[in-house]
There are 2 protein chains.
Amino acid sequence: MIHCPKCNDVAFIMKAGYIRGKQRYVCKSCHHFFTIAGEHSPQDQQRKRRHQTTIIDIAKAIGISNSTVSRALHGHSDISRETRQAVLEMAAELDYQPNQLAYSLAKNKTNTIGMIVPEFFNSFFPNVIIGAHQILTEAGYNLTIMQSNESYDIEISNTRAMLANRADGLLISLTQETNNFEHLAVFEKRGIPIVLFNRVCDGLEVPKVVVNDFEASFQAVEHLILNGYERIAHLGGPLSLMVSRERLRGYKAALEKHGKPLDENMIIQGMLTQQKARIYGQYLLDLPARPDAVFAVNDSSAIEIMLIAKEKGISIPDELGVVGFSDNPESAYIGPGLTTVRQPTREMGVTVANWILQLLEDDADTEIPERKVLQTELIIRGSSRRRE
Amino acid sequence: MIHCPKCNDVAFIMKAGYIRGKQRYVCKSCHHFFTIAGEHSPQDQQRKRRHQTTIIDIAKAIGISNSTVSRALHGHSDISRETRQAVLEMAAELDYQPNQLAYSLAKNKTNTIGMIVPEFFNSFFPNVIIGAHQILTEAGYNLTIMQSNESYDIEISNTRAMLANRADGLLISLTQETNNFEHLAVFEKRGIPIVLFNRVCDGLEVPKVVVNDFEASFQAVEHLILNGYERIAHLGGPLSLMVSRERLRGYKAALEKHGKPLDENMIIQGMLTQQKARIYGQYLLDLPARPDAVFAVNDSSAIEIMLIAKEKGISIPDELGVVGFSDNPESAYIGPGLTTVRQPTREMGVTVANWILQLLEDDADTEIPERKVLQTELIIRGSSRRRE
DNA sequence: TTGTATGCGTTATCAC
DNA sequence: GTGATAACGCATACAA
């Protein structure tokens, strides 16, 4: 015989599912729901995961309401000192860990920024991450990192996951395969801010952070020319990437300005794995009319060129000048030192993080610049210094 | 004049907060809650984020219940073909994106595995990530990556975030600063499985995946000895890391087995940034009784040693043998080639991922091995090959 | 096969 | 200053 604890009725009691592993009842007379202490469902042991402390547990333990607990935990003003103290102590005692899922669901905000990068193998993205991480952490945001491994499919799946997890904003650098941007348009449609960086694209009206690839390449190639190199080859990245196209453009512009002929045979574009860099490098250095300098789209390829040259007994910088891009750590130490373009990687991380924070704050569509261009620096070392 | 749409009463209508930006009312007579179409709260425009389609929207659009929609979306069996079809079509039409937060909250499961790594600068962790990512994705899990940047404090904050976000499991490689493990014990207490890898610790009863650092180092040093090197120095990592201690132990054991004296002056342990590696390397090569070989705890330090040797005109391998650890990509190409220990990085990722999946499935505490040791491979190249 | 009603853990509104 | 209760979006036990 079960009595309703509220109206004490006994006639209209009905079973009403389970709650926290216990049989639940409803009194159809007074609409009161209740459980009976000590009763357990059969599968209780199995289905009940280790119970996580909730604010309700804290509330019960102290004998106050959960709203008060919530307010106390978040330091709202309208709360007495003692209550607040008691809540915090009990929270510690019960080892309370807030449930971010429930919080996010209620607030419609996750305090999480997603970041998708194509790879971790160069030090470029790790450094960007460090910069962004610091800014976001200070602002109270979490940074969730995913890597697309240069695969368009994985990138799609990553964006879907970011969407499902309701990231508040997205920082993304595209894979070299990406040439369709519908998966990013979805974010715009949903009002979730995006900032593209490094591997950006045209045709998408979102903020972009890049470096001055064109000018940097122009300057790098001009530097080679001014050092007396005549036949400058270019080992470029895949043309699907705008950075590759921009660097190629800078290369061509410098040649043109100084009246050097453009030899398409001395331009190779492609995805530069170590193996490919070696193959292309050997091709270049075996050309009948061998180039006397190489401008490579990244440092690892430039270093590969230097290694091949050494094997072939071609002296650097006298017989071959080499310039890379990125200023990897090892570039300062290899051979006579690799001349290269230093990119402000941490600053890029800081910039994209600050930008996304600003976009999150601005409810109104304040006028924002569409693109920020960070400045690089040409680091001149032994591999290109023929005149001195 | 407001009528209750259920009992048509007009006397007991009271305001009852806002719902989705609209004024909400309750009929105290029949306990029915309702809103009035067309009414809006003052701040409506501002607070109402772009509405995300929910299963309720789909249900309303078709005129069925949300539970049916839920079942249809998840392909439950007890659903008619037509209903299911209609739901899927409407979901596509309304551009429905499931809310993982709500899902996770209801299911008490996030389908997310967290991974915390100390750094991305060496190719080691990126490769582990690739291996783990593949396995987890196939199993329907998301991988959320955080990096502690070799900072204990960030590691703490990362684990707290993983906890708050209710990751189903945690894969973690510790920072070199970490020597307190309470933040990991919390996971055990909560029944959240952990797998430690690479940077592991004693004193924690959790699964660990490592490589055979001791044997690998032993073999590497023995290889040097068998090639006729007599005075072998060791450039080691910080002793707070077990990998450093194990590699040191292997080094000492090999010396002992072959009756070589142990010279503490020829052992340097520390965090090997490029700068530190250079400083320590110069110290070693400037010793009055200079070592004729160096066993370095990682490849970047070994390469640094090689570069210093070249600068000093010390020939490799004749005057100096060098062995590294990890088989970085560049190690195959530098100088005469760097002898090193190849670690099965992807396999490590695969292993930790499979292990955590297994731990998630096993409700019962099945007997699990406490530690898995993956096998390395000594890659012999020119830097140590004196006899041939 | 489908609908009803409730929980998941939190915040927020309103009433007191 | 505090309590009661709905909502956030989804899954599910049970009833129909």
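First the proteins, then the strands, lettered A, B, ... as listed; each starts at 1.
- Taking CH2 of B/W355 as the reference point, atom CG of B/L171 lies at 11.5 Å (rounded to 0.5 Å).
- Side-chain contact check for B/T178 and B/T175: at least one donor-acceptor pair (N or O, by modelled atom type) lies under 3.5 Å.
- In this structure, B/Q52 atom CD and D/dG9 atom C1' are separated by 11 Å, rounded to whole Å.
- Side chains of A/T112 and A/N165 form no contact here, defined as non-hydrogen atoms less than 4.5 Å apart.
- Relative to the side chain of B/S67, the nucleotides D/dA13, D/dT2, C/dT11 differ in distance, and D/dA13 lies closest.
- For the residue pair B/T83 and B/S80, a side-chain donor N or O sits within less than 3.5 Å of a side-chain acceptor on the partner.
- Rounded to whole Å, atom P of C/dT11 lies 11 Å from atom CD1 of A/I58.
- The side chain of A/I64 lies closest to D/dG3, out of C/dA12, D/dG3, C/dT4.
- If you measure from atom CD of B/Q97 to atom P of D/dC8, you get 19 Å, rounded to the nearest angstrom.
- Side-chain atoms of A/R71 and base atoms of D/dG3 include a donor and an acceptor less than 3.5 Å apart.
- Minimum atom distance to the side chain of B/S80 is reached by C/dT2, of the listed C/dT2, D/dC8, C/dG3.
- The NZ atom of B/K109 sits 14 Å away from the C1' atom of D/dA11 (whole-angstrom rounding).
- In this model, no donor atom of one side chain and acceptor atom of the other lie less than 3.5 Å apart for A/Q147 and B/H133.
- With rounding to whole Å, B/L73 atom CG is found 7 Å from D/dA11 atom P.
- When each of B/T68 and B/L105 is assigned the nucleotide of DNA chain C bearing its nearest heavy atom, the one mapping closer to the 5' terminus is B/T68.
- Phosphate proximity of C/dA12 to A/K107: present, with a side-chain N or O under 4.0 Å from OP1 or OP2.
- If you take CG of A/N108 and C1' of C/dG9, they are 16 Å apart, rounded to a whole angstrom.
- Not one side-chain nitrogen or oxygen of A/S65 sits closer than 4.0 Å to the OP1 or OP2 atom of D/dA4.
- Distance, B/N111 CG to D/dA11 C1': 13 Å, rounded to whole Å.
- Residue-level contact check: A/T83 touches the backbone only, with heavy atoms under 4.0 Å from sugar-phosphate atoms and none from bases.
- Taking only side-chain nitrogens and oxygens, B/Y103 never comes nearer than 4.0 Å to OP1 or OP2 of C/dG7.
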